[in-house]
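Following: one structure in structure tokens, then a few remarks.
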Amino acid sequence: MSALTAVLYGALVAYLGGWYLGAWTGNFSLLLLVLSLVTFGYWLAERFHFLPARQAAARSLEASDAQRRDKLHRQGITQVDTSVDSAREAVLAQPWWLDWTAGLFPVILVVFLLRSFLFEPFKIPSGSMIPTLEIGDLILVNKFHYGIRLPVSNTKIIANNDPKPGDVIVFRYPPNPRVDYIKRVVGLPGDEVAYINKRLTINGKPVPQTPLPDYYDDDSLRYSQMFSEQLGSVEHRILNERNAPGFVMPLPEFQSDREACRYSAEGVVCKVPAGHYFVMGDNRDNSQDSRYWGFVPDANLVGRAFFVWMNLGNLRRIGSFQ
């Protein structure tokens with residue numbers, strides 16, 4: 001069993017190493033499920049086979065010692081210096097391969113359940129949501145806000161709230177569901193969303209905007225126009241680049257419901273299909289979103305982002321956000 005455990009740990013290290021180096025795309029939910037099942041198997045083996053066997057060996061050792069002491073006592077020897085306590089502890093001790101499998105099962109199971117049904121951490125990898133979310137922000141995502149979903153398959157089994165305009169959501173990127181994206185909900189099913197000359201319109205009504213002082217990006221060392229925008233009941237900030245054109249071009253990945261969008265030199269107009277959502281990044285000229293690759297199906301929703309729990313480069317980033 002120790003050799004088998006070493007092989008399993010070697011496979012885990014190789015998988016994580018390839019994932020880290022970009023050799024393949026990992027699926028952390030699937031990995032946690034597999035680890036939970038494997039460690040559960042070891043836990044059952046420990047609970048019903050290995051532990052009873054060690055306990056039986058310890059009892060046998062104690063019985064042999066008691067017989068030896070009784071024999072010595074009948075011979076008139078009452079002082080026996082040796083003890084089997086250390087030997088008994090050694091017999092009962094859990095071997096390393098059980099300590100690192102069965103012993104970890106409760107921890108892995110709790111992490112799996114919390115991450116699958118309650119809250120999941122994510123790291124912001126790009127600047128598409130600046131100024132709301134910055135690169136390096138570590139955020140929490142509410143996994144049950146939009147319904148309870150099965151881990152790995154993401155199948156909804158219990159409905160809850162529907163996304164609302166202004167919600168910041170994490171979802172599986174439609175052209176490649178193995179990748180998670182984060183954007184803001186702009187259009188709901190049935191809405192007509194227009195982004196013309198860099199102005200957002202929903203169902204023919206311009207989304208209210210208020211100019212704010214320019215935003216300075218420390219990474220790019222440049223200023224961007226910043227506005228306060230009202231989507232539904234949510235007020236948030238967006239950025240626009242002064243010299244960026246309003247024209248957008250669909251990516252080749254935009255296959256499903258492509259006919260629902262009309263592109264022109266000024267921008268794009270889309271009719272959101274049933275069961276789908278139109279999403280955009282707050283950094284409007286630096287975000288590949290529904291304007292480029294299409295709509296987010298309800299089946300791809302992961303959860304609602306709501307809290308920055310850490311940013312190692314700027315602790316003042318910690319807190320809730322809109």
Side-chain angles (χ1 to χ4, degrees), residues 1-58 88-125 136-158 160 170 172 178-180 182 301-312 315 318:
M1 289 296 293
S2 60
L4 174 62
T5 305
V7 170
L8 291 175
Y9 264 98
L12 176 62
V13 171
Y15 176 79
L16 293 175
W19 187 358
Y20 178 78
L21 295 175
W24 48 74
T25 301
N27 186 325
F28 197 63
S29 295
L30 178 60
L31 176 62
L32 278 179
L33 176 60
V34 172
L35 289 177
S36 298
L37 293 175
V38 170
T39 56
F40 178 58
Y42 275 89
W43 183 85
L44 288 176
E46 162 69 358
R47 176 69 177 80
F48 296 105
H49 176 70
F50 294 112
L51 178 59
R54 295 198 305 273
Q55 291 173 336
R88 180 178 180 277
E89 292 179 0
V91 169
L92 289 174
Q94 197 175 63
W96 71 267
W97 51 273
L98 278 172
D99 189 35
W100 284 86
T101 51
L104 292 178
F105 168 66
V107 177
I108 294 175
L109 179 63
V110 169
V111 172
F112 175 68
L113 294 176
L114 286 176
R115 186 183 183 277
S116 299
F117 300 108
L118 295 179
F119 304 105
E120 183 174 355
F122 284 88
K123 182 178 180 180
I124 301 300
D137 281 348
L138 302 176
I139 65 170
L140 285 178
V141 173
N142 186 323
K143 296 294 291 288
F144 59 86
H145 186 77
Y146 299 133
I148 305 299
R149 299 172 185 267
L150 293 176
V152 182
S153 69
N154 208 42
T155 303
K156 185 189 292 186
I157 55 175
I158 301 177
N160 199 0
V170 171
R172 296 182 175 184
R178 293 178 298 176
V179 179
D180 292 319
I182 182 168
L301 296 181
V302 173
R304 182 175 68 90
F306 69 99
F307 192 82
V308 177
W309 64 271
M310 179 58 68
N311 185 312
L312 297 177
L315 296 181
I318 297 175

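Distance check: Leu44 CG to Thr39 OG1 gives 10.0 Å after rounding to the nearest 0.5 Å. From Leu35, atom CG reaches atom CG of Leu104 across 9.5 Å, with rounding to the nearest 0.5 Å. If you take CZ on Phe122 and CH2 on Trp309, they are separated by 13.0 Å, rounding to the nearest 0.5 Å. In this structure, the separation between CZ on Phe117 and CD1 on Ile158 is 9.0 Å, given to the nearest 0.5 Å. Remark: Phe144 CZ to Arg304 CZ distance equals 9.0 Å, nearest 0.5 Å. To the nearest 0.5 angstrom, Asn142 atom CG is 8.5 Å from Leu118 atom CG.
The minimum heavy-atom distance between Ala58 and Leu92, with the atom names listed, is CB-CD2, 3.8 Å. What you find for Arg115 and Ser29 is that their closest heavy atoms are NH1-OG, 2.7 Å. Here the closest non-hydrogen pair linking Ala57 and Val91 is CB-CG1, 3.6 Å. Residue Asn311 comes nearest to Gly136 through the heavy atom pair ND2-C, 3.6 Å, listed as atom of the first residue, atom of the second, then distance. The two residues Asn160 and Gly147 have their closest heavy-atom pair at CB-N, 3.4 Å. Across all their heavy atoms, Phe112 and Pro151 have their closest contact at CZ-CG, 3.6 Å.
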Stepwise side-chain contact (heavy atoms from CB on, under 4.5 Å) test for Val302 and Lys143: CA-CA 6 Å; Val302 173; Lys143 296 294 291 288; 3.7 Å; yes

- prompt: Which is it for Met310 and Leu315 under the side-chain contact (heavy atoms from CB on, under 4.5 Å) test, yes or no, and what are the steps along the way?
  reply: CA-CA 7 Å; Met310 179 58 68; Leu315 296 181; 3.6 Å; yes

- request: Walk me through it: do Ile148 and Lys156 pass the test side-chain contact (heavy atoms from CB on, under 4.5 Å)?
  value: CA-CA 6 Å; Ile148 305 299; Lys156 185 189 292 186; over 6 Å; no

message: Phe119 vs Leu114, test: side-chain contact (heavy atoms from CB on, under 4.5 Å). Steps then yes/no.
response: CA-CA 6 Å; Phe119 304 105; Leu114 286 176; over 6 Å; no

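A side-chain hydrogen bond (donor to acceptor under 3.5 Å, both in side chains) check over residues 4-13, counting only residues at least two apart or in different chains, returns the pairs Thr5-Tyr42. Among residues at least two apart or in separate chains, side-chain hydrogen bond (donor to acceptor under 3.5 Å, both in side chains) pairs with a member in residues 94-103 are Glu46-Gln94.
Within a 6.0 Å sphere centred on CZ of Arg172, other residues, nucleotides and ligands contribute more than 12 heavy atoms.
The aromatic rings of Trp43 and Phe105 are tilted relative to each other, their planes meeting at an angle between 30° and 60°.
For the side-chain contact (heavy atoms from CB on, under 4.5 Å) test, residues two or more places apart in sequence or in another chain that qualify with Ile124 are Leu133, Asp137, Ile139, Ile182.
Contact annotation: the side chain of His145 never approaches that of Phe306 to less than 4.5 Å [non-hydrogen atoms, C-beta and beyond]. Taking 4.5 Å as the limit, every side-chain heavy atom of Leu32 sits out of range of all side-chain heavy atoms of Val152.
Using modelled atom types, one side-chain atom of Asn154 and one backbone atom of Leu301 make a donor-acceptor pair closer than 3.5 Å. The backbone N or O of Leu113 lies less than 3.5 Å from no partner atom in the side chain of Ser116, so there is not a single donor-acceptor pair.
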